[in-house]
Amino acid sequence: ECVNKVCKKLGIKNRVIDLPKFDWTSSRFYDEGFSSLDSQYLEYRNLIFLSYAISYAESIGAKFVYVAIMRGSVVDYEDANPSFVDRLNATIQRSGISILAPFMYFSKESLLFYATQYRVLPDDFFSCDVPTPDGKACGVCSDCESLEYINKVLTPDTPQKIKYIFGESSKELSDYF
């Protein structure tokens, strides 16, 4: 729902690609009621997602594939870090496509500055480790806890200029656009 809303707002087409369930995983990701961040790992899921995205991008002549890998995860997955993106970009270099991960050096909280600048509201995004069967946020997982603070700040009357310290971030989001 959020993706469709944002695509409509930006006037771009949303293409949904159905992927099969990872029935080979040793993860507890599909277990009912799982909530541990370290048990949600699906072996190289980002590589699989990006393989589909790169193939689709090449078929339509796109030059970029964006991925929302973020800093600050409790677990540093092998397919969710700068080295992974760099190696994958080297692998696909001949295709003329580049993978961009503009949020890789940011935590969710550090994106608050950009959210206020571009008037992003809580209804514009969704992030939950274990959504309910009807697709709503569970309210208790690590993503929900992280977003609780952000949702309190993001209101229609949020001042558009806020001061936020980016900590150890060495890149600015604008470097990617």
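The hydrophobic cluster containing M104 also contains I92, counting ILVMFWY residues as joined when their side-chain heavy atoms lie under 4.5 angstrom apart, directly or transitively. If you chain together hydrophobic residues whose side chains sit under 4.5 Å apart, L47 and I97 fall into the same group. Both Y44 and V67 belong to a single network of hydrophobic side chains, linked directly or stepwise wherever heavy atoms of I, L, V, M, F, W or Y lie under 4.5 Å apart. Hydrophobic clustering of Ile, Leu, Val, Met, Phe, Trp and Tyr side chains at less than 4.5 Å, counting indirect connections, unites I60 with I17.
Under a 4.5 Å side-chain heavy-atom criterion applied to ILVMFWY residues, the cluster that includes V140 comprises that residue alone.
Residues satisfying the side-chain contact (heavy atoms from CB on, under 4.5 Å) criterion with I48, sequence neighbours excluded, are F22, W24, Y52. Listed by chain and residue number, F103 satisfy the side-chain contact (heavy atoms from CB on, under 4.5 Å) test with A68 (two or more places apart in sequence, or in another chain). With sequence neighbours excluded, the residues forming a side chain to side chain donor-acceptor pair (under 3.5 Å) with E43 are T25, S26, listed by chain and number. Residues satisfying the side-chain contact (heavy atoms from CB on, under 4.5 Å) criterion with A53, sequence neighbours excluded, are V65. Under the side chain to side chain donor-acceptor pair (under 3.5 Å) criterion, S98 pairs with no residue at all, not counting sequence neighbours. Residues passing the side-chain contact (heavy atoms from CB on, under 4.5 Å) test with S55: none are found, sequence neighbours excluded.
Of all the heavy atoms in Y56 and S59, the pair that sits closest is O-OG, 2.7 Å. Residues A137 and C144 come closest through the heavy atom pair CB-SG, 3.8 Å. F126 and P131 make their closest contact through CZ-CB, 4.1 Å (heavy atoms, listed as atom of the first residue, atom of the second, distance).
Between F125 atom CZ and C2 atom SG the span is 8.0 Å, to the nearest 0.5 Å. Distance check, rounded to the nearest 0.5 Å: CG of L50 to OG1 of T91 gives 11.5 Å. Interatomic distance, I54 CD1 to F49 CZ, rounded to the nearest 0.5 Å: 13.5 Å. Rounding to the nearest 0.5 angstrom, the gap separating the CD1 atom in I69 from the OH atom in Y105 is 10.5 Å.
Listed by first and then second residue, the side chain to side chain donor-acceptor pair (under 3.5 Å) pairs that reach into residues 2-18 are N4-N14, K5-D124, sequence neighbours excluded. Within the structure, the salt bridge (Lys or Arg N to Asp or Glu O under 4.0 Å) test picks out the following pairs touching residues 87-101 (sequence neighbours left out): E78-R87.
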